[in-house]
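In the text below, chain A, chain B and the rest are named by the order of the sequence lines, each starting its count at 1.
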Amino acid sequence: MSGESYKRIWEQAALIPEGMVASYGQIAKLAGLPRRGARMVGRAVGAAPSEMQLPWHRIVNAQGKIAIPEGTRRHAQQVKLLRAEGVDVKKGQLDMDRYRWDPTLDELVWGPGRLHDPGADSSA
DNA sequence: CGTGTGACTGACC
DNA sequence: AGGTCAGCCACAC
């Protein structure tokens, strides 16, 4: 089958918090595929069953740009989904310094194993 | 089974 | 900021 790798990629991608993004390379690395490829991440998320509700839209390239060709339906969909989460997307691009998800930082702030859940009131 | 390709990336210029 | 180049790797032909 397509692989154990896909599974790992899906698992990692699913961890990206709402309103944040990760790069293909970042997910690849987290999935334990440092050199095997960011490219594989693109394939994996594209092949993910819709029932899985994978947050594929939270994955952009290392430059903070949407990797899907502009003008396509999926590109527009990704922009739409990101904006719905409060991410400011301009010209198919966003600010990585601002929205990049940093799992290690998450761990430092929220504790090992704990995930930052924006919805679960920590309420200011 | 060889080639081309891409929802990538980092290094250079 | 933008263009080119060489690695990468699974997949379609």
Side-chain angles (χ1 to χ4, degrees):
Chain A
M1 77 152 187
S2 306
E4 175 65 18
S5 300
Y6 276 26
K7 188 178 161 192
R8 290 192 182 183
I9 289 171
W10 291 336
E11 288 174 355
Q12 294 307 316
L15 299 180
I16 307 172
E18 187 179 319
M20 307 202 114
V21 301
S23 75
Y24 292 88
Q26 197 183 332
I27 296 300
K29 188 176 173 186
L30 288 172
L33 308 167
R35 308 239 36 232
R36 282 178 234 183
R39 283 180 129 73
M40 197 155 121
V41 173
R43 292 199 122 300
V45 297
S50 55
E51 308 85 73
M52 186 176 283
Q53 293 188 236
L54 198 77
W56 62 274
H57 58 284
R58 298 185 192 139
I59 305 177
V60 296
N61 72 19
Q63 285 72 52
K65 194 173 162 191
I66 289 178
I68 300 170
E70 198 177 337
T72 64
R73 206 164 164 300
R74 281 195 277 188
H75 176 98
Q77 176 70 155
Q78 181 165 18
V79 172
K80 183 179 170 186
L81 290 171
L82 285 173
R83 284 183 175 156
E85 295 184 356
V87 177
D88 188 25
V89 186
K90 297 204 156 140
K91 298 182 175 88
Q93 213 168 195
L94 53 82
D95 185 352
M96 280 307 261
D97 289 332
R98 181 176 169 187
Y99 299 109
R100 198 181 114 248
W101 171 51
D102 185 342
T104 64
L105 179 58
D106 238 30
E107 201 173 293
L108 287 174
V109 178
W110 301 94
R114 233 171 282 184
L115 289 176
H116 174 28
D117 178 358
D121 173 332
S122 25
S123 133

Short side-chain to backbone donor-acceptor contact, [X] and [Y], under 3.5 Å:
{"X": "A:Arg83", "Y": "A:Val89", "result": "yes"}
{"X": "A:Gln26", "Y": "A:Asn61", "result": "no"}
{"X": "A:Gln63", "Y": "A:Met96", "result": "no"}
{"X": "A:Gln78", "Y": "A:His57", "result": "yes"}
{"X": "A:Trp10", "Y": "A:Ala44", "result": "yes"}

* Just need the stems in DNA chain B: three or more back-to-back Watson-Crick or G-U pairs, each with both distances under 3.5 angstrom, sorted by first number. => B:2-6 with C:9-13, B:8-13 with C:2-7
* Please walk me through it: do A:Gln77 and A:Trp56 pass side chain to side chain contact (heavy atoms under 4.5 Å, CB included)? -> CA-CA 11 Å; A:Gln77 176 70 155; A:Trp56 62 274; 3.8 Å; yes
* Asked: Which atoms form the tightest heavy-atom contact between A:Ile68 and A:Thr72, and what is the distance?
  -> CG2-OG1, 3.2 Å
* **Rounded distance in Å between the C1' positions of B:dG6 and C:dC8** => 11 Å
* To do: Decide side chain to side chain contact (heavy atoms under 4.5 Å, CB included) for A:Leu94 and A:Ile66; before the verdict, give the C-alpha distance in whole Å, the side-chain angles of both, and the deciding distance to 0.1 Å.
  => CA-CA 8 Å; A:Leu94 53 82; A:Ile66 289 178; 5.8 Å; no
Under 3.5 Å between N/O atoms: give me all the protein pairs with nucleotides 3-5 of chain C, atom names plus distance.
none

* Please work out which residues in residues 54-79 of chain A have a non-hydrogen atom less than 4.0 Å from an atom of DNA chain B and list them by number. => A:Trp56, A:Asn61, A:Ala62, A:Ala67, A:Ile68, A:Pro69, A:Arg74
* Asked: Are the charged groups of A:Arg58 and A:Glu85 less than 4.0 angstrom apart, N to O?
  -> yes
* Asked: Taking only residues two or more places apart in sequence or in another chain, which ones pass salt bridge (Lys or Arg N to Asp or Glu O under 4.0 Å) with A:Lys90?
  -> A:Asp88
* **All salt bridge (Lys or Arg N to Asp or Glu O under 4.0 Å) counterparts of A:Glu18, not counting sequence neighbours** => none
* Under 4.0 angstrom, heavy atoms only, what part of the nucleic acid is A:Gly25 near: base, sugar-phosphate, or nothing? -> sugar-phosphate
* Answer with base, sugar-phosphate or nothing: what part of the nucleic acid does A:Val45 contact at a heavy-atom distance below 4.0 Å? => base
* Are any non-hydrogen side-chain atoms of A:Tyr24 and A:Met40 less than 4.5 angstrom apart? -> no
* Asked: Rounded to the nearest Å, what distance is computed from the CZ atom of residue A:Arg39 to the P atom of nucleotide C:dA12?
  -> 16 Å
* Structure fact -> Here the distance between atom P of C:dA10 and atom OH of A:Tyr24, to the nearest Å, is 18 Å
* Leading and trailing nucleotides of DNA chain B with any atom under 4.0 Å from heavy atoms of chain A -> B:dG6 to B:dG10
* Asked: Should A:Val21 and A:Ile59 be marked as a side chain to side chain contact (heavy atoms under 4.5 Å, CB included) after you check the CA-CA gap, both sets of side-chain angles, and the distance that decides it?
  -> CA-CA 6 Å; A:Val21 301; A:Ile59 305 177; over 6 Å; no
* Asked: Has A:Tyr6 got a side-chain N or O lying under 4.0 Å from the OP1 or OP2 atom of C:dC11?
  -> yes
